[in-house]
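Just so we're on the same page: letters track the sequence lines, and every chain starts at 1. Because the structure is predicted, anything quoted here is derived from the model rather than measured.
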Number of protein chains: 2
Amino acid sequence: MHATPNFASIGALLGDPTRAAMLEALYDGRAWTAGELAQAANVTPQTASAHLQKLVQANLLAVAAQGRHRYFRLASSDVADALEALSILATRRLVRPWLRSGAEPLHHARTCYDHLAGTLGVSLVESLLRQRCLTEGDDAYSVTPAGRALLRRLDIDVEAARSRRRSFARKCLDWSERRYHLGGALGAALAECLFARKWLRQAAGSRAVSVTPLGERGFRELNLLQE
Amino acid sequence: MHATPNFASIGALLGDPTRAAMLEALYDGRAWTAGELAQAANVTPQTASAHLQKLVQANLLAVAAQGRHRYFRLASSDVADALEALSILATRRLVRPWLRSGAEPLHHARTCYDHLAGTLGVSLVESLLRQRCLTEGDDAYSVTPAGRALLRRLDIDVEAARSRRRSFARKCLDWSERRYHLGGALGAALAECLFARKWLRQAAGSRAVSVTPLGERGFRELNLLQE
DNA sequence: GCCATGTTTCGACGCGGAACGAAGCGATAC
DNA sequence: GTATCGCTTCGTTCCGCGTCGAAACATGGC
């Protein structure tokens, strides 16, 4: 048994205090810039850069360049699972913040080009993921049979959206939430539908969006937007 | 944010190649002496001793002194879970490795702490699901009346397994197959039974498992493990 | 009593890698 | 254009920790 087990390299990556501090910050599921992570881990930017390179190299983190910022986030939920598994062995446990925060109001809901963004957009897509209406790929979401059924209930024509030339169900990174929401043709069709049904209302001359009482009821019936 | 995350220390422990080799050996669920572990990790006894001390200190290993030997084993199935979670991250980047690699015996059939994993473990649980002996929940399986009958034929005491403090029929994610197999107390009881009946055999010093001719016949009679 | 075996403690060596300063690159702002 | 900001690359220093030799400490067999 001369070959070192494959988990050793991952353990070594997670074992360094600086990298661990970065991963703990990213454990909230949002995307952070390199500079923010350097600050969170209390090291200089060049040190942080070296660590982030290793983590990306090992596919623990994904990175998206935006202007002169580079946004890093956990590459998949498997990474969060591994951190959690290690934490179980330690005395204190990590708590996934987006799971415990149930009752926070939908602040900062807004549109992003032609689809929903902000807390509302992110919560909505996460509800859909939790209910297995969508599955998550690298750059896009896929619609499951359950998702097709839900969209049919809302009278959204999935196939029409799919046939358009623009991408179908793109993952769009939200710069305030630092999380993904649903863009593409499907995101636009969904937003259009929710406004048409008056579940959502947009104040004139503003991108801010609010949920109407009608929408409250509708989302509740579909088991969306709730913990 | 000066405090280093608690998982960092665990990660550092699992990240060292020598300690990882020891844990890999102990992953078969059996107890090994300090000398055997030194040999497995290819280091001198005094080096192994230092590592084992750290692992015991961190509650990753349990130790029992017997004469002039000291027997080490994994402290709990949580440790095996953590190793499994890290292995998933380590193999994830490869392009669907669970499809191309049938050749390696570890992928085919192995023990995962104290239950069966690999192709064998996955096939077995899927046979049981297909025959409605088990049903699948989010985190665990449930035993149906048909399943209870089958387990009784194998002289497995389901109620004894259920009454233990550890989880009963947990779904354990397999790092090579990327599918679930049967863990928990029931998984352990089933593996124990199949080894006791000599349906399965484990080569000394390896986690690889093979099906004996006796097992071939037995599985066929129970309509298990066949397509 | 003796010696052999299994394991731990102590001390010293040496390598790997984390850290930062300085400099370079690219993008945005003015 | 110039200035500034965010990030990365290069080169160097330095500390931590894994490693082994030597020796001590057990336990069991004789």
Side-chain angles (χ1 to χ4, degrees), chain A residues 1-5 7-26 30-58 60-73 173 175 178, chain B residues 1-5 7-26 30-58 60-73 205:
Chain A
M1 187 84 58
H2 292 152
T4 52
F7 62 79
S9 56
I10 304 291
L13 282 173
L14 306 188
D16 176 75
T18 299
R19 283 191 291 266
M22 294 174 166
L23 289 166
E24 185 177 50
L26 291 166
R30 300 187 307 165
W32 294 50
T33 68
E36 289 169 340
L37 290 170
Q39 203 163 8
N42 211 29
V43 291
T44 59
Q46 61 267 33
T47 300
S49 181
H51 286 302
L52 290 169
Q53 191 178 16
K54 292 186 183 186
L55 292 171
V56 170
Q57 183 77 26
L60 296 182
L61 298 186
V63 59
Q66 167 82 358
R68 47 186 172 186
H69 296 278
R70 296 189 76 202
Y71 284 89
F72 295 86
R73 60 186 171 78
L173 186 52
W175 303 113
R178 309 286 184 83
Chain B
M1 185 113 29
H2 291 153
T4 54
F7 63 80
S9 55
I10 305 290
L13 284 172
L14 306 187
D16 176 75
T18 299
R19 282 192 292 266
M22 294 175 167
L23 289 165
E24 166 100 339
L26 291 165
R30 294 181 297 183
W32 293 51
T33 68
E36 288 169 341
L37 290 170
Q39 205 163 8
N42 211 29
V43 291
T44 58
Q46 60 267 33
T47 299
S49 179
H51 286 303
L52 290 169
Q53 191 178 18
K54 293 186 182 186
L55 292 171
V56 170
Q57 183 77 27
L60 297 183
L61 299 186
V63 59
Q66 197 161 27
R68 45 186 173 185
H69 296 277
R70 296 188 77 200
Y71 284 91
F72 296 85
R73 59 185 170 80

Mind listing the closest non-hydrogen atom pair of A:A40 and A:W32 along with its distance?
CB-CZ3, 4.2 Å

To the nearest Å, how far apart are A:Y71 OH and C:dA27 P?
16 Å

Expressed as a whole number of angstroms, how long is the span from A:E36:CD to D:dC7:C1'?
13 Å

In whole angstroms, the gap separating C1' of C:dT5 from CZ of B:R68 amounts to 4 Å

Atom CE of A:M22 and atom P of C:dA19: how far apart are they, to the nearest Å?
8 Å

I need the NE2-P distance between A:H51 and C:dG17, as an integer number of Å.
12 Å

Residue whose nearest DNA chain C nucleotide is more 5′ - B:G35 or A:K54:
B:G35

Under 6.0 Å from the CD atom of B:Q39, do we count more than 12 heavy atoms belonging to anything else shown?
no

Would you say A:T44 reaches C:dA19's phosphate, i.e. side-chain N/O to OP1/OP2 under 4.0 Å?
no

Over how many whole Å does the gap from B:L14 atom CG to D:dG18 atom P extend?
13 Å

What nucleotide among D:dC20, D:dC7, C:dA19 has an atom nearest to a side-chain atom of A:A34?
D:dC7

Would you tell me if any nitrogen or oxygen in the side chain of B:T33 comes within less than 4.0 Å of OP1 or OP2 on C:dG6?
no

Distance check needed: D:dT8 P versus A:Q57 CD, whole Å only.
14 Å

Do A:L14 and B:I10 come within less than 4.5 Å of each other through their side chains, counting heavy atoms only?
no

In whole angstroms, how far is the P atom of D:dG18 from the CG atom of B:L13?
9 Å

With the side chain of A:R70 defined as its heavy atoms from C-beta on, choose the nearest nucleotide among D:dC7, D:dG18, C:dC20.
D:dC7

Restricting to non-hydrogen atoms, name the atom on A:L26 and the atom on A:F72 that form the minimum distance, rounded to 0.1 Å.
CD2-O, 3.2 Å

Check every atom of C:dA18, C:dT8, D:dC5 against the side chain of A:D16 and return the nucleotide holding the closest atom.
C:dA18

Look at the side-chain N and O atoms of B:T47 and state whether any lies under 4.0 Å from the OP1 or OP2 oxygen of D:dG18.
no

Counting side-chain heavy atoms from CB outward, which of D:dT8, C:dT7, D:dG6 is closest to A:H69?
D:dG6

Please give me the minimum heavy-atom distance between A:R19 and A:A12, naming the atom from each residue.
NH2-O, 3.3 Å

Establish, with yes or no, whether the OP1 or OP2 oxygen of C:dA23 is under 4.0 angstrom from a side-chain nitrogen or oxygen of A:Q46.
no

Side-chain atoms of B:P45 come closest, of C:dT8, D:dT19, C:dA18, to C:dT8

